[in-house]
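Since the structure comes first, as structure tokens, the remarks are kept for the end.
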Protein chains: 2
Amino acid sequence: MELCSIQNNMRKLRFNHDEMTQQELAKNIGVTRQTIIAIESRKYSPTLELAFKIAGVFQVPLEEIFQYKPEN
Amino acid sequence: MELCSIQNNMRKLRFNHDEMTQQELAKNIGVTRQTIIAIESRKYSPTLELAFKIAGVFQVPLEEIFQYKPEN
DNA sequence: ACATAATGTAAAAGATTATTAACATGATGC
DNA sequence: GCATCATGTTAATAATCTTTTACATTATGT
């Protein structure tokens with residue numbers, strides 16, 4: 001499976017935030033669960049706006065969640 | 001004209017980096033000049049990957065270039 | 001055993017971002 | 001005046017991201 005070039009630790013963050021489910025996170029940022037699944041599994045990377053919203057939910061800097069790895 | 005919800009100071013950064021032109025920036029990150037124009041004028045926001053590349057060129061944290069303003 | 005919740009997979013349609021191409025303007029230098 | 005460079009505008013196409021829908025798997029609790 002093709003992976004996108006940006007890593008993330010959303011999954012870890014969800015669990016560290018009271019085991020927030022994909023559904024809850026999705027609702028929080030106003031997207032569908034499919035989008036969360038796709039991002040977590042690196043099927044594709046989110047838009048910049050979505051990335052900011054996710055960082056907002058977990059209250060961490062964007063770059064603490066997403067890391068760009070050009071080589072992948 | 002509709003503005004996207006993410007502000008940026010690419011234009012300022014270009015001028016502070018030896019007055020780098022849109023064309024040079026575009027070439028640096030591997031997109032067309034149209035994409036730079038669209039982002040600078042907030043016609044739309046870049047993908048997360050593109051945002052990282054731009055931050056890389058100017059060697060500043062992503063959030064120093066792009067700011068999310070939900071209210072716009 | 002059964003119901004429920006959380007996660008996973010897949011495919012088509014819709015929305016947004018990026019490219020390509022063509023043409024326009026203003027500034028600069030020859 | 002003319003050529004060149006940087007920027008701007010528009011429109012059509014291509015690529016990528018998001019939604020919608022439907023169904024599968026695994027774990028948990030009753």
Side-chain angles (χ1 to χ4, degrees), chain A residues 1-58 62-72, chain B residues 1-58 60-72:
Chain A
M1 211 253 296
E2 283 299 310
L3 291 186
C4 76
S5 57
I6 294 178
Q7 296 182 225
N8 72 81
N9 24 54
M10 279 169 54
R11 206 171 178 81
K12 211 170 291 179
L13 281 164
R14 277 198 299 115
F15 281 90
N16 292 345
H17 280 248
D18 200 25
E19 304 203 357
M20 177 184 295
T21 66
Q22 295 176 329
Q23 190 62 260
E24 288 171 328
L25 176 55
K27 194 174 179 186
N28 255 315
I29 61 182
V31 298
T32 64
R33 190 170 63 89
Q34 293 315 312
T35 301
I36 304 299
I37 289 172
I39 296 170
E40 283 193 357
S41 64
R42 290 179 63 186
K43 201 170 163 222
Y44 50 71
S45 32
T47 58
L48 185 53
E49 182 168 354
L50 205 44
F52 270 116
K53 284 183 185 169
I54 294 167
V57 167
F58 296 124
L62 194 152
E63 282 162 315
E64 203 169 295
I65 306 183
F66 300 97
Q67 292 94 33
Y68 180 44
K69 305 279 174 179
E71 65 275 8
N72 291 345
Chain B
M1 211 252 299
E2 282 299 312
L3 292 186
C4 76
S5 57
I6 293 178
Q7 298 181 226
N8 71 80
N9 25 52
M10 279 170 53
R11 206 170 178 81
K12 211 171 290 181
L13 281 165
R14 277 199 301 115
F15 281 91
N16 293 345
H17 279 248
D18 200 25
E19 304 202 356
M20 178 185 296
T21 66
Q22 295 176 330
Q23 189 62 262
E24 288 171 328
L25 176 55
K27 194 174 178 189
N28 255 316
I29 61 182
V31 299
T32 63
R33 190 170 63 89
Q34 295 314 313
T35 301
I36 303 301
I37 290 173
I39 296 169
E40 284 193 357
S41 63
R42 291 179 62 187
K43 201 169 162 223
Y44 48 72
S45 33
T47 58
L48 184 54
E49 182 168 354
L50 207 41
F52 270 116
K53 284 184 186 169
I54 294 168
V57 166
F58 295 124
V60 295
L62 194 151
E63 282 161 316
E64 204 170 294
I65 306 184
F66 300 98
Q67 291 94 33
Y68 180 44
K69 304 279 173 179
E71 63 275 7
N72 291 345

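Per chain, numbering begins at 1; letters A, B, ... match sequence-line order.
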(request) Could you say whether B/Glu19 or B/Glu49 is positioned toward the 5' end of DNA chain D, judged by the nucleotide with the nearest heavy atom to each? (result)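 Nearest-nucleotide comparison on DNA chain D picks B/Glu19.
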(request) Using heavy atoms to find the nearest nucleotide of DNA chain D for A/Gln34 and B/Ile37 separately, return the residue whose nucleotide is more 5′. (result) B/Ile37
(request) Using a cut-off of strictly less than 4.0 Å, decide whether B/Thr32 has a side-chain nitrogen or oxygen near OP1 or OP2 of C/dT20. (result) no
(message) It should be established whether B/Thr47 places a side-chain nitrogen or oxygen under 4.0 Å from OP1 or OP2 of nucleotide C/dA18.
(response) yes
For atom [atom1] of [X] and atom [atom2] of [N], their distance in whole Å:
X       : N      : atom1 : atom2 : answer
A/Tyr44 : C/dA11 : OH    : P     : 15 Å
A/Glu24 : C/dA6  : CD    : C1'   : 10 Å
B/Leu50 : C/dT16 : CG    : P     : 18 Å
A/Met20 : C/dA6  : CE    : P     : 13 Å
A/Lys27 : C/dA6  : NZ    : P     : 12 Å
A/Ile36 : C/dT9  : CD1   : C1'   : 17 Å
A/Met10 : C/dA6  : CE    : C1'   : 15 Å
B/Gln23 : C/dT20 : CD    : C1'   : 13 Å

(message) For B/Ile39 and B/Arg33, find the nucleotide of DNA chain C closest to each by heavy atoms; which residue's nucleotide sits nearer the 5' end?
(response) B/Ile39
Rounded to the nearest 0.5 Å, what separation is found between the [atom1] atom of [X] and the [atom2] atom of [Y]?
X       : Y       : atom1 : atom2 : result
B/Tyr68 : A/Leu50 : OH    : CG    : 9.0 Å
B/Asn28 : B/Gln23 : CG    : CD    : 11.0 Å
B/Phe58 : B/Asn9  : CZ    : CG    : 9.5 Å
B/Leu48 : A/Ile54 : CG    : CD1   : 9.0 Å

(request) Check whether any side-chain N or O of A/Glu63 sits under 3.5 Å from a backbone N or O of B/Leu62 as a donor-acceptor pair, and report yes or no. (result)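 Yes, because the side chain of A/Glu63 sits within donor-acceptor range (under 3.5 Å) of the backbone of B/Leu62.
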(message) For B/Glu40, is there an ion pair with B/Arg14 - N to carboxylate O distance below 4.0 angstrom?
(response) yes
(message) Over all strands shown, is B/Thr21 touching base, sugar-phosphate only, or nothing at heavy-atom distances under 4.0 angstrom?
(response)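 Answer is sugar-phosphate: B/Thr21 comes under 4.0 Å of backbone atoms only.
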(message) Going 5' to 3' along DNA chain D, between which two nucleotides do contacts with chain B fall, using a heavy-atom cut-off of 4.0 Å?
(response)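 Extent of the interface on DNA chain D: D/dA6 to D/dT10.
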(message) If we count only N and O atoms by modelled type, under 3.5 Å, do the side chains of A/Glu49 and B/Ser5 hold a donor and an acceptor together?
(response) yes
